[in-house]
Novice: 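Structure below; questions to follow.
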Amino acid sequence: MDTTDIIYNYAQKLDCDARRFEPMSRHTSFKIGGKADVYIKVTNLSQLMKILKECDACKEKYILLGNGSNVLVPDEGIHGTVLRLDGDFRNISLIDDTTIYCGAGAALGSLCKFAQKCGLSGLEFAWGIPGTVGGAVFMNAGAYGGEMKDVLKEVTVMTAAGEILVLPAEKLEMGYRTSLVKTKGYLVLSAVIVLEQGNQEAIKARMKELTEQRVSKQPLEFPSAGSTFKRPEGYFAGKLIMDAGLRGYQTGGAQVSEKHCGFVINKDNATAADVCRLLRDVQDKVKEQFGVTLEPEVKFLGKF
């Protein structure tokens, strides 16, 4: 019995939803990716800690996956265990008039809707970002002038050693698409955010306005991982790519979006290899023409 069998059997004993050879294309917004040796949904902290301890004992590699909205999985799949936070980790509740608790596995969209219904403003910028709260904290997700660091009060994380820490926002070292959580490799368990009292209808109207902007400017009709490259200092990645003459540039089934050059889309059954070749081509051409190195915002899971 190999380590993946051991982890799979152990997860089943814990009453987790555990699957063998689960296609990761079902769990990524790119709709790309081979099979994971083991895919496990954990519903509470006890399950998570026990499975991580078992992975450590077996020297089994594991990856924590959120909504799969900002990742690329190789065509060969993931040789190891993929964990998805579910159940208790998706809970959202009101702590007081302006403070919300949210589990790391909760969808950012669900959190935005909850805040709107409570008449709390300040999170509208996140409406339409297709990730989880944990992922948003990890990378300090932001859009339309707002970032997670603007609303976070504290985050509960787990270290690689299994220690649980409550970190106040001022110690999270949040910057453009980065945080202490990312640099230290912590696992986000939950977050507490603080918003402002607002008008439900005004908040809803702002969310609708941002939705219309996204629909008009972004290729939401195609699978993608959102913005493909980080914004280089002093530039906009999409404009650099467009000015390099790469609008609509295609490799296999992957294409630079004709609607927004900052997005690489899965236009026609693209493979991970197609996407990687396209990213390299774009980086090479932009570097050659403008001397700017584009850094992928997309996170590569597994072995590339």
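Quick note: numbers below take in every heavy atom, side chains included, and nothing from hydrogens, waters or symmetry partners. Just so it is clear, the model here is predicted, and its values are computed rather than measured.
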Novice: Return yes when atom CD of E233 has more than 12 non-hydrogen atoms of other residues, nucleotides or ligands closer than 6.0 Å, and no otherwise.
Specialist: no

Novice: Counting distance only, does the side-chain N/O of N140 pair as donor-acceptor with the main-chain N or O of M148 below 3.5 Å?
Specialist: yes

Novice: Quick one: do F114 and V188 end up in the same hydrophobic cluster if we chain Ile, Leu, Val, Met, Phe, Trp and Tyr together by side-chain heavy atoms under 4.5 Å apart?
Specialist: yes

Novice: What's the separation between atom CZ in R84 and atom CG in L65, rounded to the nearest 0.5 Å?
Specialist: 6.5 Å

Novice: Could you list all the salt bridge (Lys or Arg N to Asp or Glu O under 4.0 Å) pairs where at least one residue sits in residues 155-183, not counting sequence neighbours?
Specialist: R177-E297

Novice: For L240 and F229, run side-chain contact (heavy atoms from CB on, under 4.5 Å): C-alpha distance rounded to whole Å, both residues' side-chain angles, the deciding distance at 0.1 Å, then the answer.
Specialist: CA-CA 11 Å; L240 286 171; F229 294 100; over 6 Å; no

Novice: What ring-ring contact (aromatic ring centres under 6.0 Å, His included) pairs are there with at least one residue in residues 17-57, not counting sequence neighbours?
Specialist: H27-Y39

Novice: So, for V292 and P232, which heavy atoms are closest and what is the spacing to 0.1 Å?
Specialist: CG1-CB, 3.8 Å

Novice: Report the distance from atom CG of D268 to atom CZ of F222, rounding to the nearest 0.5 Å.
Specialist: 9.5 Å

Novice: Nearest heavy-atom pair of V137 and S179: which atoms, and what distance?
Specialist: O-OG, 3.5 Å

Novice: Under a 4.5 Å cut-off applied to non-hydrogen side-chain atoms, are I193 and L111 in contact?
Specialist: yes

Novice: For L294 and A237, work out which heavy atoms get closest and say how close.
Specialist: CD2-CB, 4.1 Å

Novice: Checking the side chain of T132 only, and the main-chain atoms of G66 only, is there a donor and an acceptor separated by less than 3.5 Å?
Specialist: no

Novice: What do the steps show when you test T293 against E295 for side-chain contact (heavy atoms from CB on, under 4.5 Å), and what is the final call?
Specialist: CA-CA 6 Å; T293 300; E295 183 182 349; 5.9 Å; no

Novice: Nearest 0.5 Å, please: how far is CG in N67 from CG in L108?
Specialist: 9.0 Å

Novice: For the CG atom of D75 and the OG atom of S25, what is their distance to the nearest 0.5 Å?
Specialist: 10.0 Å

Novice: Find out if a path of hydrophobic residues (ILVMFWY) with successive side-chain heavy-atom gaps under 4.5 Å connects V133 to L167.
Specialist: yes

Novice: Given the rule that I, L, V, M, F, W and Y join up when any side-chain heavy atoms are under 4.5 Å apart, are I129 and L210 in one cluster?
Specialist: no

Novice: Are L301 and V264 connected, step by step, through hydrophobic side chains (Ile, Leu, Val, Met, Phe, Trp, Tyr) whose heavy atoms are closer than 4.5 Å?
Specialist: no

Novice: Can you check whether L94 reaches L120 side chain to side chain, under 4.5 Å on heavy atoms?
Specialist: yes

Novice: Using 0.5 Å steps for rounding, measure from the CD atom of E76 to the NZ atom of K35.
Specialist: 13.5 Å

Novice: Scan residues 115-124 for pairs that pass side-chain hydrogen bond (donor to acceptor under 3.5 Å, both in side chains), counting only residues two or more places apart or in two chains.
Specialist: S121-E124

Novice: Name all pairs fulfilling the salt bridge (Lys or Arg N to Asp or Glu O under 4.0 Å) condition that reach into residues 135-159, sequence neighbours left out, sorted by first residue then second.
Specialist: E147-K149

Novice: For D281, enumerate each residue passing the side-chain contact (heavy atoms from CB on, under 4.5 Å) test, keeping only those at least two apart in sequence or located in another chain.
Specialist: Y249, T251

Novice: If every non-hydrogen atom of N70 is compared with every non-hydrogen atom of S29, which pair is closest and at what distance?
Specialist: N-OG, 4.5 Å

Novice: Determine whether E209 and R206 satisfy the following criterion, salt bridge (charged side-chain N to carboxylate O under 4.0 Å, His left out), listing intermediate values before the conclusion.
Specialist: CA-CA 5 Å; E209 179 187 347; R206 177 58 176 161; 3.1 Å; yes

Novice: For the CD atom on Q289, are there more than 12 heavy atoms of other groups (residues, nucleotides or ligands in this structure) within a distance under 6.0 Å?
Specialist: yes

Novice: Can you check whether T99 reaches V194 side chain to side chain, under 4.5 Å on heavy atoms?
Specialist: yes

Novice: Quick one: name the residues clustered hydrophobically with I203, using the 4.5 Å side-chain heavy-atom rule over I, L, V, M, F, W, Y, and just say none if it's on its own.
Specialist: W127, M207

Novice: Heavy atoms only: give me the nearest G34-V73 pair and the separation to one decimal.
Specialist: N-CG1, 4.1 Å

Novice: Identify the heavy atoms of G238 and C261 that sit nearest to each other, and give their distance.
Specialist: O-CB, 3.4 Å

Novice: Going by the ring-ring contact (aromatic ring centres under 6.0 Å, His included) test, which pairs reach into residues 165-201, not counting sequence neighbours?
Specialist: none

Novice: With side-chain contact (heavy atoms from CB on, under 4.5 Å) as the criterion, how do C276 and L72 come out once you've worked through the C-alpha distance, each side chain's angles and the decisive distance to 0.1 Å?
Specialist: CA-CA 9 Å; C276 288; L72 182 65; 3.9 Å; yes

Novice: Could you measure the distance from the CD atom of Q218 to the OG atom of S227? Nearest 0.5 Å is fine.
Specialist: 6.5 Å

Novice: Among pairs that include at least one residue of residues 257-304, which meet ring-ring contact (aromatic ring centres under 6.0 Å, His included), considering only residues two or more places apart or in two chains?
Specialist: H260-F263, F300-F304

Novice: Could you note down all residue pairs passing salt bridge (Lys or Arg N to Asp or Glu O under 4.0 Å) where residues 48-64 supplies at least one of them, sequence neighbours left out?
Specialist: none

Novice: Could you work out the complete set of other residues in the hydrophobic cluster of I95, with links drawn between I, L, V, M, F, W and Y side chains under 4.5 Å apart?
Specialist: Y101, V192

Novice: So if you build clusters from Ile, Leu, Val, Met, Phe, Trp, Tyr with side-chain heavy-atom gaps below 4.5 Å, do V82 and V298 land together?
Specialist: no

Novice: Taking the side chain as everything from C-beta on, heavy atoms only, tell me whether R20 gets closer than 4.5 Å to D5.
Specialist: yes

Novice: Report, as yes or no, whether the 6.0 Å neighbourhood of atom NZ on K259 holds more than 12 heavy atoms from other residues, nucleotides or ligands.
Specialist: yes

Novice: Would T159 and K184 count as a side-chain contact (heavy atoms from CB on, under 4.5 Å) here? Give the steps.
Specialist: CA-CA 8 Å; T159 69; K184 292 288 189 179; over 6 Å; no

Novice: Within the structure provided, determine whether I265 and E258 are in side-chain contact (heavy-atom separation under 4.5 Å).
Specialist: no

Novice: Quick one: name the residues clustered hydrophobically with V166, using the 4.5 Å side-chain heavy-atom rule over I, L, V, M, F, W, Y, and just say none if it's on its own.
Specialist: none

Novice: Tracing side-chain links under 4.5 Å among I, L, V, M, F, W and Y, which residues wind up in one group with M49?
Specialist: I7, Y8, Y10, L14, V38, I40, V42, L45, L48, I51, L52, Y62, L64, L83, L85, F89, M158, I164, L187, L189

